[in-house]
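Okay, so here's the structure we're looking at.
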Amino acid sequence: MRHLRALILIAIIASACTPSTTDDTSTTTTLESVAGTIDAPDFPEGLDWINTAAPISLTDLKGKVVLLDFWTYGCINCIHIIPDLERLEAEFEDELVVIGVHSAKFTNEGETDNLRNIVQRYDITHPVVNDRDFEIWRTWGANAWPTIAIIDPDGRAVGVRAGEGVYDAVQPVIAALVNEFDASGSIDRTPFTPALEADFAPDRPLRFPGKVTVYDGTLYIADTGHHRIVVADAETGEVAAVYGSGRRGFEDGTALEASFNAPQGLSMLGTTLFVADTNNHAIRAVDTRSGDVTTVLGTGRQGWPPAAGPFAEVELSNPWAITHHEGFLYIANAGTHQIWAADLARGIAAPLIGNANESTLNGDFDFAELAQPSGLTLSYDGQLLYFADSESSSIRVADLVGGFTELVAGGASSLFDFGDEDGTGDEARLQHPLGVAFGGDVLYVADTYNSKIKQIDLSTNTVTTWLGDEGGWVDGDAPLFNEPGGLALDGTTLYVADTNNHVIRAIDTDTGGTRTVVLKGIEKFAPPAAWRGGVVMLQPISLPDGAANLVLKYSLPAGYKVNKDAPSSVTISAGSDLVSFVSGDTLDITGTSLPLTVRVETTSGSGEIRFDVTLIYCEAVAESLCLIDQVRFIQPVDLGAAGASAIVLQRLIPTPEF
């Protein structure tokens, strides 16, 4: 088996995503060994690392099989292999360490703060290094996204491979390496525990919302990072419903029992909300009267090659946006670089636009080549379908009557024609736009990686920067955004899914004045599930029977206060036979001042008391940013004995980082 430690040179297929040609590969190759061995090069110093407390060296990983994943975060094919990596990590939990090597295509992707956001957005739990200058990329000879490399427990390079289908190609190699090095006693099964970025992020009402739509004064929000849909009043922000348990999954059922996986596009038809359930490769339907969620189209499997078929049999690939007109759903099937049409009456879906090659070619629907379409909007008459073609950094339009596509603005000759320049047609430059909204004579564009909202004059196809500058979060007449991903126009109000700011913004299209929609009451829709907040185990104490004090010794970040309207509370979820509030098991602390001392009634005996604290706090001045802190305190007590006079629940909430 020693031949497995040879360097394996794999030819990169013609459709691979390379810095000079295209941008992904969906065809796979297999690992083949050749004679010879080579020590794997270590990581350069001075690079930024994510999901780890300190930079990693291959010396630290001696005795582990190491998989390097070369990726860039806007590439759909890189997203496709994340489930394969998760599967390998679960199967070889103690023997394998995955390291993400992020070599950015777009300028915006090379910024560590943006990469940190995407690592959380994609729920990546392995270490990631920001290879912004392609140092590691060049050392390994990578020339396509995604590419993986395997290193054996002796620190020697085993193989390099480009393309999808990673699990089937790599699993036998890893298994053979584990068996081989296990026989010599050189496998190190000491648990490798990353320091996850997500563990330090505050809980929020929304987490990386990707898309938003508005219907009859109601906002429907794809709360993508929480794997659910949130429904709220467009003006007041009062939450009326939540669809999805908040757990990643693919289950139909009632509102809080059903599950989604990173939902994006939304479209309302009558009382049915259609959802592009992106990472489940399916279209789901929510009956907004009953709250029931069903699967309309797709099997949950990623489809390749794309093929038409009945709704129950057809296989999509990362549907990212959705809209409808006269009985048809139009679906931006980002994973196959196509736009599909679904006939609701006949129950048949098929590719409509694009031949599944990724490029910038316009023309007849059957021959056009798209590049990860991610946003859709229809003209009022339903004849023109505008789409944000994200990986070509362009806005394009499909004439649904004539059967052809044309460029509106942005890159026209390659997938690397991106930037931030106003201009007309192919003179303009955008950077990975994800959202569009039709406004009659103007098209609104979420120029995502430039963190701007732009306008296109449809009479001349002239692009003008309207709002935004560098990424940030500012309301008012000079607003800032952070990678906005979705737009929805309702009269003279443009709603924006401001993804990396974790909020929905509302823009007055007459003045440009921008406000943040503050959601209220979302905590009422928590699913009946296991505790998902933090847990703090307290030291055992003794208390007298009869009565005692409970002290909430919380310290909020500077500039924040407890929200005066949103319901904060302390609930005794276990141990109510030992201690209780005068009002029962739950104490309302909405708008309270901290620290807080309250009287509790005690009995006799011993055991554990669980205090579940939900505290909603906001910026003291504007209250445009509201966060949720949820912690379960477990207090072992011995009642009826001399000792302490109070139960102290102490917590320092750090200043949030964005």
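- Summarising the geometry of F581 relative to V570, their closest heavy-atom pair is CE1-O, 3.5 Å, with the distance given to 0.1 Å.
- Of the N and O atoms on the side chains of Q264 and T278, not one donor lies less than 3.5 Å from an acceptor on the other residue.
- Atom CD1 of I82 is separated from atom CD1 of I124 by 4.5 Å, given to the nearest 0.5 angstrom.
- A donor-acceptor pair is defined here as one N or O able to donate and one able to accept, closer than 3.5 Å; such a pair exists between the side chain of H502 and the backbone of F208.
- Sequence neighbours left out, not one pair with a member in residues 62-71 passes salt bridge (charged side-chain N to carboxylate O under 4.0 Å, His left out).
- For N500 and N114, the side-chain atoms include no donor-acceptor pair closer than 3.5 Å.
- The line from CD1 of I151 to CG of L67 is 9.0 Å long, rounded to the nearest 0.5 Å.
- A cation-pi contact links R505 to F481, judged by a cut-off of 6.0 Å to the six-membered ring centre and 45° from its axis.
- Figure legend: R228 and F260 shown without cation-pi pairing, the cationic atom not lying both under 6.0 angstrom from the six-membered ring centre and within 45 degrees of its axis.
- Residues I541 and I647 are in side-chain contact: their nearest non-hydrogen atoms beyond the backbone lie under 4.5 Å apart.
- Separating the NE2 atom in H126 from the CD atom in E89 is a distance of 6.0 Å, to the nearest 0.5 Å.
- Between the side chains of N108 and Q431, no donor-acceptor pair is found at a separation under 3.5 Å.
- By the 30° and 60° cut-offs, the orientation of the rings of Y122 relative to W71 is tilted.
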- Step by step, work out the salt bridge (charged side-chain N to carboxylate O under 4.0 Å, His left out) result for D84 and R87. CA-CA 5 Å; D84 282 1; R87 186 177 175 187; 5.5 Å; no
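- Taking 4.5 Å as the limit, every side-chain heavy atom of L58 sits out of range of all side-chain heavy atoms of D60.
- The structure places CG of L543 at 12.5 Å from OG of S604, a figure rounded to the nearest 0.5 Å.
- Side-chain atoms of T597 and N549 include no donor-acceptor pair closer than 3.5 Å.
- Under 3.5 Å, the side chains of D638 and S606 contain no donor-acceptor pair of N or O atoms.
- In this structure, a donor-acceptor pair under 3.5 Å is absent between the side chains of T614 and S569.
- Side-chain N/O atoms of Y449 and E483 include no donor and acceptor closer than 3.5 Å.
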- List the steps and the verdict of side chain to side chain donor-acceptor pair (under 3.5 Å) for Q650 and Y554. CA-CA 6 Å; Q650 184 166 339; Y554 267 57; over 6 Å; no
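- Defined by atom type and a distance below 3.5 Å, a donor-acceptor pair is present between the side-chain atoms of D612 and S573.
- Looking at I118, T72, L115 one by one, the single match for side-chain contact (heavy atoms from CB on, under 4.5 Å) with E109 turns out to be T72.
- A donor and an acceptor atom, one from each side chain of D131 and S103, are located under 3.5 Å apart.
- Defined by atom type and a distance below 3.5 Å, a donor-acceptor pair is present between the side-chain atoms of T516 and D475.
- Distance check: N130 CG to L47 CG gives 7.5 Å after rounding to the nearest 0.5 Å.
- Under a 3.5 Å cut-off, the side chain of T514 and the backbone N or O of G512 do form a donor-acceptor pair.
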